[in-house]
Amino acid sequence: MTYLVEMKGIEKRFPGVHALKDVRFDLRPGEVHALMGENGAGKSTLMKIMSGIYSRDGGEMLVDGKPVTPDSPRAAQDLGIGIIHQELSLMNDLTAAQNVLIGREPRRSFGRLDEPALNRKTAEIFASLNLAMDPRTTVSTQTIARQQLIEIAKALSYHPRVLIMDEPTAALNDAEINELFKVIEKLKADGVGIVYISHRMDEIKRIADRVTILRDGAYINTVDAADTPLSTIIQLMVGREVTQNTPNIPDTSQSPVALEVRNLSRGKEVRDVNFDVRKGEILGFSGLMGAGRTEVARIIFGADPRDAGEILVAGQPVDIRTPHTAVAAGIGYLSEDRKHFGLAVDMTVRANIAMANLGQFTSRTGVLDETAMKSAATDYIKQLGIRTPSDMQEVRLLSGGNQQKVVIAKWLLRDCDVLIFDEPTRGIDVGAKSEIYALLEDLAAQGRAIIVISSELPEVMRLSHRIAVMCEGRLTGILPGGAYTTQEDIMELATQREPLLSGAEETA
């Protein structure tokens with residue numbers, strides 16, 4: 001068989017890291033070939049070589065049976081290879097249309113931009129995705145989920161023969177995922193080969209034809225998706241059996257209230273929200289996209305202003321207007337967009353872990369104690385299992401899961417009493433998810449109050465002692481966690497426009 005793309009014996013090294021070791025991968029026309037592995041396994045690195053972002057240090061790449069060496073993303077595009085990155089690469093101050101057709105804008109005479117044609121072509125691409133969005137809208141005004149859909153539209157605008165999708169559904173809700181899968185089926189029917197990277201195991205069974213597994217930068221196996229149990233794929237990924245049993249939920253009803261929110265409001269995004277979270281408790285937040293979950297978290301953390309409402313920490317009203325005052329009150333926030341709001345990606349692991357705690361490492365004369373910073377960073381690298389050659393590695397060179405662990409380390413070092421985790425396992429593999437879950441449960445056992453916002457219902461049900469459900473800016477109910485609540489119970493409240501309960505009263 002002549003493959004669309006074939007990679008043989010691929011080698012790649014970075015300073016201190018042998019990222020890819022004799023890796024092979026191939027893609028047939030009209031198939032979805034899933035590429036699986038834990039964070040740091042080498043998946044994204046291999047795809048960046050295929051798409052011309054990285055050069056390879058060894059091995060061979062063939063397109064239609066002919067050796068090629070794409071030395072830039074444009075060269076890869078000329079070969080018919082497109083990529084949708086896990087981390088968004090949009091220009092926030094431009095419109096959606098300007099992003100989708102960047103560098104290929106339709107022109108009138110004398111090189112003038114034909115803006116109506118630009119918007120019309122983009123609207124046609126959006127229609128193929130069933131995406132209801134004005135092409136003239138500015139990217140920065142859109143949610144992460146809708147920005148992800150713009151990124152997908154941009155990739156499809158090149159009409160690729162090979163399309164690499166790196167975590168394309170990480171920010172999408174179920175309805176958007178279903179629409180994306182319809183697009184994928186159409187692309188398959190047209191003979192497009194799709195490389196699909198995802199940590200959502202259920203998606204692999206839904207759309208993948210074959211699965212290739214990498215572990216620690218090495219090729220492990222290629223299997224048929226339909227004939228291989230997910231448990232086998234997971235074991236091949238992590239090299240061990242992974243279990244995720246639902247834990248016993250502790251009784252925190254008599255514990256002190258760590259954080260209370262009263263009548264919190266901001267426009268139509270957040271409307272009269274009331275809840276509390278106690279020490280030692282994990283309170284999950286669920287709801288459809290646009291329900292207001294992240295908006296509530298950003299108001300509590302002082303990242304967005306509130307129109308009305310009151311925030312109490314340990315029973316005392318606190319006037320939180322900026323993140324600085326929130327941190328001073330003992331509140332830490334891990335944003336869903338770690339790249340822009342959680343990390344300084346061009347700085348070192350050590351600097352990122354220390355950045356919320358610089359006063360702890362600064363002398364009276366303003367000199368940083370690098371020895372103390374190194375010791376603290378090294379402790380958390382070991383405690384959280386952060387895969388990095390050293391604490392001086394630049395964060396941008398780490399995998400997504402390890403970047404998330406660096407953000408967690410920053411707030412653990414700060415020793416916050418209330419921690420808000422917004423999509424804590426987005427882009428994180430099944431093995432690392434298990435580690436993050438255990439970490440959150442351990443933090444709660446230490447007496448911290450934990451808020452977890454997640455779009456994955458199994459995750460919310462797995463972690464939460466109670467589950468707060470939102471719809472269109474309102475908190476429509478609070479359900480018990482664990483086996484007492486079903487996904488149907490959550491979805492009923494997630495589509496209930498008016499609250500069934502007053503305040504933070506729980507359902508029985």
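Values reported hereafter were calculated over all heavy atoms of this structure, with side chains retained and with hydrogens, waters and symmetry mates removed.
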Keeping His33 on the side-chain end and Val195 on the backbone end, is there a donor-acceptor pair under 3.5 Å? no

Could you work out, with salt bridge (charged side-chain N to carboxylate O under 4.0 Å, His left out) as the rule, every residue matching Glu269, not counting sequence neighbours? Arg266

Distance check, rounded to the nearest 0.5 Å: Leu149 atom CG versus Leu180 atom CG? 7.5 Å

From CA spacing to verdict: side-chain hydrogen bond (donor to acceptor under 3.5 Å, both in side chains), Thr365, Ser363: CA-CA 5 Å; Thr365 58; Ser363 69; 2.9 Å; yes

Answer yes or no: is there a side-chain heavy-atom contact under 4.5 Å between Leu312 and Val257? no

For atom NZ of Lys154, decide whether the heavy atoms of other residues, nucleotides or ligands shown that lie under 6.0 angstrom number more than 12. yes

Go through it in stages, so that I can follow the logic: the residues are Leu413 and Phe361, the test is side chain to side chain contact (heavy atoms under 4.5 Å, CB included), and I'd like the CA-CA distance, side-chain angles, deciding distance and then a yes or no. CA-CA 12 Å; Leu413 180 59; Phe361 302 109; 3.9 Å; yes

Looking at Leu419, Val277, Val418, which hits side-chain contact (heavy atoms from CB on, under 4.5 Å) with Ile450? Leu419

Could you report the tightest heavy-atom contact between Val139 and Met91, atom names first, then the distance? CB-O, 4.0 Å

CA sep, side-chain torsions, deciding dist, call: Asp216, Arg387, side chain to side chain contact (heavy atoms under 4.5 Å, CB included): CA-CA 11 Å; Asp216 296 329; Arg387 294 184 182 179; 3.6 Å; yes

Flag the pair Glu151 / Leu90 as yes when at least one side-chain heavy-atom distance between them is below 4.5 Å, and no otherwise. yes

Is it true that Arg278 and Asp251 make a salt bridge, defined as a side-chain N closer than 4.0 Å to a carboxylate O? no

Examine distances only and state if a side-chain atom of Asn274 and a backbone atom of Asn263 form a donor-acceptor pair shorter than 3.5 Å. yes

Under 3.5 Å: donor-acceptor pair, side chain of Ser265, backbone of Asp272: yes

Between the side chains of Lys48 and Asp166, is the shortest nitrogen-to-carboxylate-oxygen separation below 4.0 Å, so that they form an ion pair? no

For Ala494 and Gly287 the tightest heavy-atom approach is CB-CA, 4.2 Å

Is any side-chain heavy atom of His324 closer than 4.5 Å to a side-chain heavy atom of Val327? no

OG of Ser253 to NE2 of His465: how many Å apart, nearest 0.5 Å? 12.5 Å

Are the side chain of Arg146 and the backbone N or O of Thr141 linked by a donor-acceptor pair below 3.5 Å? no

Mind checking whether Val452 and Val460 have side chains closer than 4.5 Å, heavy atoms only? no

Heavy-atom pair of closest approach, residues Ile420 and Ala297: CG2-CB, 3.8 Å

Is there side-chain contact between Asp422 and Ser335, with heavy atoms separated by less than 4.5 Å? no

Considering non-hydrogen atoms only, spot the tightest contact between Asn352 and Met347 and give its length. ND2-O, 3.6 Å

To the nearest 0.5 Å, how far apart are CE in Met165 and CD1 in Ile152? 6.0 Å

For Gln142, does its backbone N or O pair with a side-chain atom of Gln147 as donor and acceptor, under 3.5 Å? yes

How long is the straight-line distance from CG of Leu230 back to CE of Met237, given to the nearest 0.5 Å? 10.5 Å

For Thr322 and Gly302, indicate whether the former's side chain and the latter's backbone hold a donor-acceptor pair under 3.5 Å. no

What's the verdict on side chain to side chain contact (heavy atoms under 4.5 Å, CB included) for Arg448 and Cys416, showing C-alpha distance, side-chain angles and the deciding distance? CA-CA 8 Å; Arg448 289 181 171 89; Cys416 295; 5.7 Å; no

On a heavy-atom basis, the closest approach of Ile436 and Thr425 is CG2-CG2, 4.0 Å

Contact between Leu493 and Ile467 at the side-chain level, heavy atoms closer than 4.5 Å - yes or no? no

Val273 vs Met470, side chain to side chain contact (heavy atoms under 4.5 Å, CB included): CA-CA, chis, key distance, verdict: CA-CA 9 Å; Val273 169; Met470 294 189 67; 4.0 Å; yes

Pairwise distance CG(Leu283) to CZ(Arg466) - rounded to 0.5 angstrom: 5.5 Å

Donor-acceptor under 3.5 Å (Ser464 side chain, Gly481 main chain): no

Flag, side chain of Lys43 to backbone of Gly37, donor-acceptor distance under 3.5 Å: yes

Ignoring hydrogens and geometry, is there a side-chain-to-backbone donor-acceptor pair from Thr388 to Asp391 under 3.5 Å? no

If you take all heavy atoms of Arg215 and Leu236, which pair is closest and at what distance? NH1-O, 2.5 Å

Test log, rule salt bridge (Lys or Arg N to Asp or Glu O under 4.0 Å), inputs Lys182 and Glu179: CA-CA 5 Å; Lys182 290 178 184 177; Glu179 292 298 333; 3.7 Å; yes

Aromatic ring pairing Tyr333/Phe301, orientation class (parallel under 30°, perpendicular over 60°, tilted between): tilted

Within-4.5 Å side-chain heavy-atom neighbours: Tyr196 and Pro168: yes

Between CD1 on residue Ile84 and CD on residue Gln148, distance to nearest 0.5 Å: 7.0 Å

Check whether any side-chain heavy atom of Phe421 sits under 4.5 Å from a side-chain heavy atom of Leu443, and report yes or no. yes

Pair Glu281, Ser255 - check side-chain hydrogen bond (donor to acceptor under 3.5 Å, both in side chains), show working. CA-CA 9 Å; Glu281 180 183 27; Ser255 300; over 6 Å; no

Have a look at Gln404 and tell me which of Asn402, Val407, Val406 forms a side-chain contact (heavy atoms from CB on, under 4.5 Å) with it. Val407

Within the distance-only criterion (no hydrogens, no angle test), does the side chain of Asn99 pair as donor or acceptor with the backbone N or O of Ala96 below 3.5 angstrom? no

Is it true that Glu456 and Arg462 make a salt bridge, defined as a side-chain N closer than 4.0 Å to a carboxylate O? no

